[in-house]
Each structure stands twice: as C-alpha cells, then as structure tokens.
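Okay, so here's the structure we're looking at.
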Amino acid sequence: MAAPVLPPDLSDKVVIHDFGEVGLQFKATKPIQKGDVWLRVPWASCWTGEVALASLQKEITLGDAKIHPLDSFAALLSVFRKKDHELLRSLPSQVPSVLHWTPGELELLEGNASVLAAAKVDASRNGYASLPSKAQKVVQPKDFTWGSAVATACCLDGHHLEEDAPVLVPWLYYAAHDPSLPTMGSVQRDNDTVVVRALKDYSEGEAVGISWGAWSNAALLINKGYTIPEGTPWDGVDITYTVDNCGEILNELLLCAPDAPEDPSTSRFQFVEVPTKEEVKDHQAAFVVRLTLSIEELEAFEAAWPSPPPKRSAFTALLGISRLQRMPFEALNSEHFASGKPAPHVGAELSALAGLQAAFAALMGQHSRSLEEDDTTVADPSAPAAKRHAAVVGAAEKAILVKAAAVVDKLLDEGLSRALSVLPRGKTGQDPRLDVGGSVWRSWLSERGETLLEKKQAALDRFRYFTQLPLASSGARSAASLIQVAQACFAWLHGVDLDTGVALLLPERGGCRGPASAVVEELQNGKTAYLDVYLSKMTMWGAYLLSHLAECGTIPVDDMNTMAQEQISIASGRSSAGGAAFNVGSCSVPTRAAIDVMKKFGPLQEIGAGTGTWAKELADAGVDITAYDTLKFSRALNPHLQMAAGQELVGKRWERVQEGGMEKIKAGRNLVLMWPDIDGQGRFGVQCVGKAAELKVEYLILIGEWSGSTYGDSVPHLPRHGQSFSVECQKAVEEAYTLVETVPLPSWPLFKDRLAVWKLKTP
C-alpha cells in the first residue's frame, strides 16, 4: 500500500508508514518525548458537522432533511470523491471497515461485536435512506457506504476539541490507537491550530498515536477496522439489566451505582431508564441499566473477596441489583447490596447468583466457537484477517464471561455452605444434643415442621430461581453444586457427619475426586443418555432441598422419601425415564470417561446387564460386547433380598440383552460385572468371578461400591464393604486379580460408585 506524503509544515517528527496488518500509521522519524507536539493541523482545514452540512448543501439539494453529522460527512466525502477534492489527500482511499465485509465474514462476529456491527450496518443504510431522493440521485449507495466507513474511521469525538459533534481533522486518521494512553489530552485546540501532543516517549521507528477513546477491541474493529490481539483495558461484555415493578426498591437500586470514574467517557455503567413517581404509582416502574463487565473489575473483586472490593464497580452494581430483585423487603440492607458483601438472606443470595449464572450462560451461548478455538485462530498468522479480528474480539468476551462465572461460583460455594450450615453437626459422644441420626435429630426436624409448612410457598418460589442455574458444559460447577446439596442432605439424614463424612467433591478442592468431579468432567466431555436422566433428577432434587434449607432452615423429609423411591425405580430400570425404546437405568451411571476406558479392554461380555444401559453405550461407541441377564429373581443367588422368587428384576430391556447368567461367561472376552450382589450380599458375584478366573479371563471391569470408600463407615444400616459386591466376592477378586485402574462415577445419594479394572495375576 502506497503511503501518502505528510506535508512537512504539519510535522517534522513523523511520517506515514505501512505497518502491515494494522495498515498505514504515523511513524516517529526521531525520538519524541512526552509533551512534545508532533502534529499541527490548521483549524481552518478541519471539518465540523455543521461545516460539512453547509458544504453538502452547496453540492446537492437537501431541503429540510435532518441529517446526522456522520451522515453529512459520508455524503460529502462521496461527492468529493468524484471531484478528487484536496481533502481526500489527507484521508485513506479505503479503510478495512466491517461495512465492506461480506455476509459470511460478518457471521464470524459474535456477542457484542455482532450487535455493534449490525448496528453500524443499519446506521449506514438508514443514513443513506435519510437523504432526500434528489440527493440519492447524486450519491450512490456504494459511494455512501465508502463515505460512512471513512467518516467513522477519521472523525474524532468532538469533546476533545470542545465541540458537540464529531470533527474531521485532516491526517489524524493515521494516528495509531494506543489504549494505554489517557482518553483525553492528546488532541487540543490551540487558537487557530489543532495540536497533537505525545503523552509518552516514542523511539525512532515506533508507531505514534493517541487514544481515540475508551474502546474495546469490538469498538476498535467497528470504528477503525482492526484489533489489538493483546487486548485493551476497555474490553468488556455489555449487559442490559431490567427490573420490573421496582417501586418499593427504587431508592436502593439507585444506590447500587458504581463509583464514578475521573473521566466520564470511560464509565462502564449507565442508567437507561429510571421510572418517574407517576410510573411507580401506576405499578409500571421499569428500571433499566446498561453496564460493561471487565476482567480488571472481576479480578479486583476476586482478590478482595470475602471483603468488599476497594471500589464499587459495574460487577458490584450488577450483583447488588440482582440481590435486591430477589430479597424480601424486610431484609433490605444497603450496606450489603451496594458494597458487594453477601446478602444477609441466604435464599436471596443464592437465587441472585443463580440468576447471574443463567445470564452469563445465555451470553456465552451467543458464541458458537470456544475460547480455545479463538485463541488458536488469533495465534495463526495465516488465518484471514476478518477471521482473526473476529477471534480477537470473541476471545476477549469469552474470557470475561468465564471469569465472571468463576467469581460467581465462589460466591455460590459460600452461599451453599451457609445454607447447609443450618443442619446440626456432631457425632455420638461428642455432644448429646447432636446425636447424629438419633432421637435428637428427629426432634430437631420435628421442631421445624411448623416452619416448613408456613414457608412452603416461599421455598417453592426460591426453587424456581434455583432451577435457572445453567447445567450444560458452561454450568458444570453449578450442576455439581446442586448434586452436592442433594448428596449432603441425604447423607445427613442418615447420620453422616457433614464435617467429616461428606466431602464437597469438586476438583478445585484439594484435588479431591468423587461424584461431583465426575459430573464436571462429563459435562465438559459430552454426556451419556442415562447421565441426562441422572442430572435432571439430582439437580432438581438439589435445587428443591436447597430452597427449603434457605427459606425454612430445614429439609422436607417426606419429599425426600419420595425422591428415594423414584431413585430406586430409575436405578432398577423399572422407570421409563429417558424416553428411550427401553428402560434406561442402572445402579451406576455411565460416563463418557468410563466408556472410553472400557473400550481399551474389548471384546467384552456383561453378565447381569439389567436393561442394557451400559451395554448399549458401549456398543454405540464401537465396542464388541455381549450382554446377558435373567428377567426373574432367583433366591438361590441372593436369599437376603426382600424379593419374591420369580419376580421380574427390571423393566423393558435393550433388544440385544439376551437371557442368561454366569453360564454364559466365556474365555476370550473380558468380563463386566455391575452390582452383582445387591445390598452387598449374595453368591452371584463370587460365582461369576470364580468362573472368570477358571477360564483365565484376563480383565474384570467391576462397577459399583468397594470396601474402603462407602457410607457404611458412617451409616449403621449400610454395609461397610459397600452395597455392590459381597465380602466373598471382593476377597475372590483380590486373590486372583490386581487392581490396575479406577474411574470415579456420578453416584445416587448414599452411594460411592466407581469403575475398577482388575488384571488376572500371573502364576
């Protein structure tokens, strides 16, 4: 690209140079010190919107048409282009504007950038439509689009020069955008001259610039046609938040505003709509704010937490407004909702956070590419320019949304701990009043029965808020948190001390792995059909129990009994949950990670396959597997079960599950056994293991509970060795086989499931 020649009377310190992808920009020809004037442009050669409109009137007939200043510039530049006007010598002949992008390139933009680009395209079209018909005969749409792109890139915001409308300063287009500089002070009017001062030192050969404004990369792309891959301090995610019928809390909402910045042009918060007194009286009070979340504010909040951040920010404003919207009127506390401290009402706190997570998930859902994909594109110098610019903008927005969700996750953890803290702790002998699972426990629940009835509706209202939590891959921690609540409530009810017997099993906590970590990993890697059923039920139960803990200070035992019965029905395969052609269900929940491990040991044979839930997942993954089970219960294999001989064991099976038991075990296929000994009793498991060892079956894949990791250590009515394999079966396995690999699995309440691979010992 040929660089135009800057008139020497305007500067002896810079020339125009082609810097490659960012295009033509000023380059220092000598060292420039902070405070030096490096460009002087006569005011008489500058164009204000008023001057542009007057000049346009001389060129074409406008009549009484009302034309926006930028549209005046666009139309005037279009006319001047045909006449080769001298003004055009100080402007680029073409700018890399999104107005010139193809529809396919525009589709690459997502989130805020997509909104801004669409608005820019619409503004250009509407600007042309605002021209009188006679003017449109002179100015063609293509020329007007070119003029719009040039005007947008070249016009400086008028407040720099104490003007109300944009000003076109010749040659200034070539000043690089430097987001590290103050937004004001570079460009000033000195009597009849516009002077541009350096606000930092520049070395010879360095690009010289100004701050064109508090622009994010999205705004920079829309206005100047390029992006800064390293990011800008103004990168953010725009959020418009509405509170309907806000009359009772209007004053409190207004107090949530963040601290005002020194430069008003850098504000990240705006009151869009504040209802009048009349609207409040008529119950038509809608309160609307627009704010921008940034990485810096989120990091400052996270660094200060659990104390309030040093400055109230757009994030604390969003948090406060969300809390107010869900807080009982009698619980309002200005110190908390305006400062960023947790809301004193735990139900309001949790439902506010749930609402924010849902909002962040919805914004993330506007992006079809992952953060990793965008980062890869940004780092690829061979990627098309439009694709790279779109990736730069998309990566910035997604990084902010990921950080925002992570910050809210921390607040959710704190809120969940507060909610669960109402359940008494302690073990027998430590404190007679807190006899785990004993009569004092039942007395504690009974004392709160009246409160449970009184606040039932409030709990149900909270439940609706908690179900807003996103449960897809972006909400993996939210799903795991609700599952933790359900696990903890059932464990506590059966006498497990929550301080020692139930770990809140998230990967971030001390490297601890268990049911919740399996859920997090599975949501990130893809789900199985049965896991969908598990997630649906466990997150719903967790949200329901959490709502009662938050509002009533207790748990609904009758409802938990119903949940337990439904769990048994699903796990046994007697429920039609999942909507498949057969009854999806098993005692253990298959995950993609577990299936991937099992694939390594094919061909497989599963004995006691139930409805075939695991076998079908394996077959769908390309594993060679045979599956067998008996439809009816045989007391000879487990005389301890309270089940009638001949009673059907499961519901409708997958079509490839064949009738048969341990007699079907064959050499040459590794054996899969899942919960062969229900309640940890019976002979079926040990007999299958014995036959497998006899036939030299090389690997056993055993799914269920195992000694050393069960709730039996805490719950008297549960076996210490687990509910899946008898003591005799476990002893036979450990004598003939060696453990080589384990995979944690999501578990139903009071279970601790895993997949374990055992290899036959060599003589």
Side-chain angles (χ1 to χ4, degrees), residues 1-8 10-34 36-41 88-101 105 113 146 149-156 168-183 186-187 196-213 215-235 377-393 395-396:
M1 183 186 301
V5 178
L6 179 69
L10 300 186
S11 177
D12 62 350
K13 295 181 174 64
V14 297
V15 295
I16 301 170
H17 178 74
D18 188 352
F19 281 92
E21 188 169 330
V22 296
L24 298 172
Q25 294 182 347
F26 286 125
K27 182 182 77 171
T29 58
K30 62 180 69 174
I32 300 175
Q33 295 183 340
K34 183 178 179 180
D36 286 351
V37 174
W38 55 268
L39 183 67
R40 297 177 182 273
V41 180
L88 299 185
R89 298 170 195 167
S90 67
L91 305 177
S93 59
Q94 192 68 270
V95 295
S97 171
V98 295
L99 291 176
H100 302 312
W101 283 22
E105 289 173 331
W146 170 85
V150 174
T152 300
C154 297
C155 285
L156 186 71
L168 196 158
V169 179
W171 303 103
L172 190 61
Y173 165 82
Y174 300 106
H177 174 62
D178 188 342
S180 69
L181 297 177
T183 57
S186 293
V187 185
V196 185
R197 297 181 185 277
L199 297 186
K200 68 176 187 181
D201 295 339
Y202 292 97
S203 303
E204 182 179 346
E206 190 176 355
V208 182
I210 65 172
S211 171
W212 284 82
W215 287 352
S216 64
N217 256 319
L220 180 59
L221 178 61
I222 302 305
N223 287 292
K224 303 291 283 184
Y226 62 88
T227 56
I228 300 174
E230 299 77 18
T232 83
W234 310 109
D235 284 339
T377 300
V378 172
D380 180 7
S382 65
K387 186 175 181 180
R388 288 189 67 200
H389 292 319
V392 168
V393 175

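Bear in mind that the values here come from a model prediction, so they are computed numbers and not experimental data.
Partners of Ser186 under the side chain to side chain donor-acceptor pair (under 3.5 Å) rule, at least two apart in sequence or in another chain, do not exist in this structure. With sequence neighbours left out, Asp380 forms a side chain to side chain donor-acceptor pair (under 3.5 Å) with Ser382. Legend: residues meeting side chain to side chain contact (heavy atoms under 4.5 Å, CB included) with Ala149, ordered by chain and number and at least two apart, are Val95, Ser97, Leu99, His100. With sequence neighbours left out, the side chain to side chain donor-acceptor pair (under 3.5 Å) criterion links Thr232 to Asp235. Under the side chain to side chain contact (heavy atoms under 4.5 Å, CB included) criterion, Pro4 pairs with Ile16, Leu24, Trp171, Tyr174, sequence neighbours left out. By the salt bridge (charged side-chain N to carboxylate O under 4.0 Å, His left out) test, Arg197 pairs with no residue at all, sequence neighbours left out. Residues passing the side chain to side chain contact (heavy atoms under 4.5 Å, CB included) test with Thr227 are Asn217, Leu221, His389, Val392, Val393, sequence neighbours excluded. Partners of Ser180 according to the side chain to side chain contact (heavy atoms under 4.5 Å, CB included) rule, which considers only residues two or more places apart in sequence or in another chain, are Asp178, Lys200.
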Which donor-acceptor pairs under 3.5 Å do side chains of residues 203-211 form with protein atoms, sequence neighbours excluded?
from	atom 1	to	atom 2	distance (Å)
Glu206	OE1	Ser203	N	2.9
Ser211	OG	Gly213	N	3.4
Ser211	OG	Gly213	O	3.4

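Within the 3.5 Å criterion, the main-chain N or O of Ala153 finds a donor-acceptor partner in the side chain of Lys224. Side-chain atoms of Trp215 do not come within 3.5 Å of backbone N or O of Pro179 as any donor-acceptor pair.
The only member of Val41, Leu91, Val187 that meets side-chain contact (heavy atoms from CB on, under 4.5 Å) when paired with Leu172 is Val187.
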